[in-house]
Amino acid sequence: MKNKNTIAVLPGDGIGPEVMKEALKVLDFVNNNYQLKIEPKLSEVGGQAIDLYGTALPDKTLELCQKSKAILFGSVGGTKWDELPSEKRPERASLLFLRKHFKLFANLRPCKVLNDLSPLKEERIQKGVDLLCVRELTGGLYFGEKGKKFNKFGEKGAFDTLNYFEKEVKRIANLAFTLARKRKKKVTSIDKANVLTSMVLWRETVESVSKKFKDVSLEHLYVDNMSMQLMLDPSPYDVLLCPNTFGDILSDQCAGLSGSLGLLPSASLGENDFGLYEPAGGTAPDLVGKNKANPLAQIHSLSLLLRYSLKKEEAASLIERAIDRVLQKGIRTRDLFTSKTQTLVGTKEMGDEVVKEMERLC
Ligand code: IPM
Ligand code: MN
């Protein structure tokens, strides 16, 4: 039985706890302002949980997630746990496990580029860049058969396999087209069908799904070409429909385009409203404990949670408008600080600025 108002909050490792603290400040504000009564319940995950309980996803954390309406996730992993066998490492044993366990097959990573934040020249982005990466999340290379092997000379090898079933491609393609309908009505499907058999299936299946969406245009691009186009001329693109691994890589590239990985939120969704929300940026070990990490991707992930899992559109949009305003005012954490005309702030101060901006907007 799901508890109506509970959300599981799993800060995890690295900068996770610091940026999560700022997201919780923002949650506090919307809770009070809109009388939402959302109850954030914290639990351990990742390396932190390995140290405390010997496993990256303790039973009590999984139970909390099961009882909750959604999960707000920080980040997991770190060199300390890199020596563990791959299935025990924080990434696979907690994050990938949760994605698979809750059948969260769709990962949405929206990326809007503000001109002065992008490393690209003004003329390359002046037409505006507003992308939505729709990444397949529970199949492909991440979850195919894998293992170690030896060849006939006794040389050590290892393999991962890339599989897709029609059903997996259909459901993610359906979602991408449905989302495109509310946007610029354009889907670019990413594959490597010139080399990989699984990607031929991907392309054919996307093509067949597109027949149901006559009002949405579809083009297919090889992943290497897409990567180049994002650098040269990103404006014409709208929804990027990606297999798991390519989506992982291209979404980081989108983050780069927008100025920093610290800006990229994500929503992982399944067939119902339950979802896992996390910044795409990782643990950023070099920034830990220095009040330097950018909390905006974590805060933005909270707004996606409010929108998709809790249907609190007003609160979600208030948070997003506040983030935009703060950035437009030139308030920047170190990752985005490029000129002396801007105001350099730390993690905590950035959280405070977002809350102040929300107060002004209410
Ligand atoms: C992401 C991350 C994860 C992934 C890691 C931490 C397992 O890079 O969410 O993009 O590869 O999916
Ligand atoms: Mn990634």
Side-chain angles (χ1 to χ4, degrees), residues 46 55-57 62 73 75-77 81-109 133-176 187-210 218 220-228 240-254 266 268-271 276 278 280 282:
T55 162
L57 190 68
L62 184 58
F73 198 92
S75 50
V76 290
W81 307 283
D82 277 354
E83 300 303 312
L84 290 171
S86 130
E87 68 283 4
K88 295 227 159 88
R89 280 176 60 161
E91 292 86 341
R92 186 161 286 282
S94 62
L95 184 56
L96 298 192
F97 178 92
L98 287 169
R99 288 174 181 172
K100 193 77 175 174
H101 181 80
F102 289 106
K103 301 190 174 60
L104 306 172
F105 64 86
N107 184 231
L108 313 187
R109 299 189 164 179
C133 259
V134 177
R135 171 185 175 195
E136 197 290 323
L137 203 61
T138 50
L141 208 44
Y142 276 58
F143 294 97
E145 197 197 331
K146 57 182 82 252
K148 295 193 175 139
K149 59 180 179 184
F150 291 90
N151 70 7
K152 61 181 179 194
F153 307 108
E155 281 165 354
K156 205 156 79 173
F159 65 96
D160 299 275
T161 43
L162 173 48
N163 281 309
Y164 268 114
F165 284 100
E166 258 184 333
K167 183 184 149 207
E168 294 174 296
V169 184
K170 269 187 189 155
R171 64 184 179 189
I172 191 77
N174 257 309
L175 180 67
V187 170
T188 305
S189 175
I190 314 301
D191 62 45
K192 189 71 189 170
N194 49 343
V195 180
L196 304 169
T197 328
S198 55
M199 293 290 96
V200 175
L201 178 95
W202 177 277
R203 189 176 281 221
E204 288 168 358
T205 311
V206 172
E207 197 65 49
S208 79
V209 171
S210 78
L218 168 67
H220 303 277
L221 244 63
Y222 296 138
V223 61
D224 45 353
N225 186 12
M226 183 74 247
S227 170
M228 178 181 70
L240 309 182
L241 168 57
C242 308
N244 203 343
T245 308
F246 298 159
D248 178 44
I249 298 167
L250 290 180
S251 61
D252 268 33
Q253 198 177 344
C254 289
S266 92
S268 302
L269 306 171
E271 299 286 359
L276 182 151
E278 52 164 336

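Excluded from the calculations below are hydrogen atoms, water molecules and symmetry mates; all remaining heavy atoms, backbone and side chain alike, are included. Counting begins at 1 with the first residue of the sequence.
Considering only heavy atoms from C-beta on, Arg89 stays 4.5 Å or farther from Glu83 through its side chain. Looking at Phe159 and Glu145, their side chains come closer than 4.5 Å, going by heavy atoms from C-beta outward. Within the 4.5 Å cutoff, the side chain of Arg203 has no heavy atoms near those of the Ser189 side chain. Using a 4.5 Å heavy-atom threshold, the side chains of Val169 and Glu136 count as separate. Here the side chains of Leu62 and His101 are in contact, with some heavy-atom distance below 4.5 Å. Looking at Asp191 and Val223, their side chains never come closer than 4.5 Å, going by heavy atoms from C-beta outward. With contacts defined as side-chain heavy-atom distances shorter than 4.5 Å, the pair Val206/Leu241 qualifies. For the pair Trp202/Lys192, no side-chain contact is recorded, criterion being any heavy-atom separation below 4.5 Å from C-beta on.
Judged by distance alone, with hydrogens and angles left aside, the side-chain atoms of Ser266 form a donor-acceptor pair with the main-chain N or O of Glu278 at under 3.5 Å. Looking only at distances, no side-chain donor or acceptor of Lys148 sits under 3.5 Å from a matching main-chain atom of Ala158. With hydrogens and angles disregarded, no donor-acceptor distance shorter than 3.5 Å links the side chain of Glu204 to the backbone of Leu201. Although no hydrogens or angles enter the test, the distance criterion places a donor-acceptor pair under 3.5 Å between the side chain of Arg135 and the main chain of Asn244. With hydrogens and angles disregarded, a donor-acceptor distance shorter than 3.5 Å links the side chain of Gln253 to the backbone of Ser227.
A distance of 4.5 Å separates CZ of Phe73 from OG of Ser94, quoted to the nearest 0.5 Å. Here CD1 of Ile190 is found 12.0 Å from CD1 of Ile249. Values are rounded to the nearest 0.5 Å. Separation of atoms CG (Leu276) and CG (Leu95) is listed at 6.5 Å; rounding is to 0.5 Å. Residue Cys133 holds its SG atom at 4.5 Å from CG of Leu240, rounded to the nearest 0.5 Å.
Of all non-hydrogen atoms in Ala56 and Pro90, the two that sit nearest each other are CB-CA, 4.0 Å. Taking all atoms of both residues into account, the shortest heavy-atom contact from Gly46 to Val76 is CA-CG1, 3.6 Å. In plain terms, the two heavy atoms of Leu104 and Leu137 that are nearest each other are O-CB, 3.4 Å. Annotation for Arg99 and Thr138: closest pair O-CG2, 3.5 Å, computed over non-hydrogen atoms.
Crowding of Lys103 atom NZ: a count of heavy atoms from other residues, nucleotides or ligands under 6.0 Å not exceeding 12.
Note on residues 150-160: pairs passing side-chain hydrogen bond (donor to acceptor under 3.5 Å, both in side chains), not counting sequence neighbours, are Lys146-Asp160, Asn151-Glu155.
Seen from the ring of Phe105, Arg171 counts as a face-on cation partner, given the 6.0 Å and 45° thresholds.
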